[in-house]
Amino acid sequence: MRAVADLAKCSRPAATLLIMLPGAYTAPERFESEGFVAAVRRERIAADILLVDAHVGYFENRSIVERLSEDVLQPARAYGYAKIWLVGISNGGAAAILTVERVPRAAEGIVLLAPYLGGRSIAQQIRSKGGLRQWEPAIPFDRGDGDQVMWRWLKQHAGDADAAPRPTVPELYLGYGNSDLYVFNHRTLGAAMPPSHVVDTGGGHDWPTWRGLWDRILPLLPLERDATCKG
């Protein structure tokens, strides 16, 4: 997978890696031009950043999880990163969920910005059952159905507003615009998450909305800050 790195400039090497996954038909460099990288640097977060070209072709040939695991995650762990966070927008959010579902301990945290969570039908089923906690996936489970795979993982790992965090489960944060094309799905997921991990705002499925969400979510993330890091 093609990737672009931006290394933190701190007094010591960063132990954390932020992997940013763009939406369909979007070059990873867009994270830089839209100010996502600069926002991390202004926060003095001690993390290296990797912008990954997880384009739609990897979804079409069903290799997205394999390529992220072998080309990105495994080398990152071998390099010595103690913590990895995935930041996915739209299709990039789906890539993050599908990867952590398949690869144990792939990441310590996930930020989903307007994630693509499949069609509306499963979210409607979930709401008809009273929410994600009450909904039960289809049996037998079809691993070839990406929508089922994502929602099944989210049911198990999205967190509970009344439950304590589990150290072996990636921390999950969600952000979305209230006029987003997929807002029905986003609100269905958000209702099952701790309110402190969900941020919504005006706006649709576009970069100005995602950048505003990133600016609000970034200060909430439990990432190491280091005053020696250059902005």
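Worth knowing before you read on, the calculation uses all heavy atoms, side chains too, and leaves out hydrogens, waters and symmetry mates.
- Applying the side chain to side chain contact (heavy atoms under 4.5 Å, CB included) test between Leu112 and each of Ile217, Leu174, Val198, Leu213 identifies Leu174 as the sole match.
- Identified under the ring-ring contact (aromatic ring centres under 6.0 Å, His included) test for residues 62-84, with sequence neighbours left out: Tyr79-Tyr81.
- Side-chain rings of Tyr176 and Trp210 stay apart, their centers remaining 6.0 Å or farther from each other.
- For the pair Glu70 and Arg102, the salt-bridge criterion is not met [side-chain N within less than 4.0 Å of a carboxylate O].
- With salt bridges taken as basic N to acidic carboxylate O contacts below 4.0 Å, none links Arg187 and Asp200.
- Between His186 and Pro115, some side-chain heavy-atom pair lies under the 4.5 Å cut-off.
- Aromatic pair Tyr25/His55: ring centres not closer than 6.0 Å.
- The pair Glu224-Arg12 meets the salt-bridge criterion, with a side-chain N (NZ, NE, NH1 or NH2) lying under 4.0 Å from an Asp/Glu carboxylate O.
- For the residue pair Ser69 and Gln74, a side-chain donor N or O sits within less than 3.5 Å of a side-chain acceptor on the partner.
- Of the N and O atoms on the side chains of Thr209 and Asp206, at least one donor lies less than 3.5 Å from an acceptor on the other residue.
- Between Tyr173 and Trp214, the distance separating the two ring centers is not shorter than 6.0 angstrom.
- The closest side-chain heavy-atom distance from Phe59 to Tyr116 is not below 4.5 Å.
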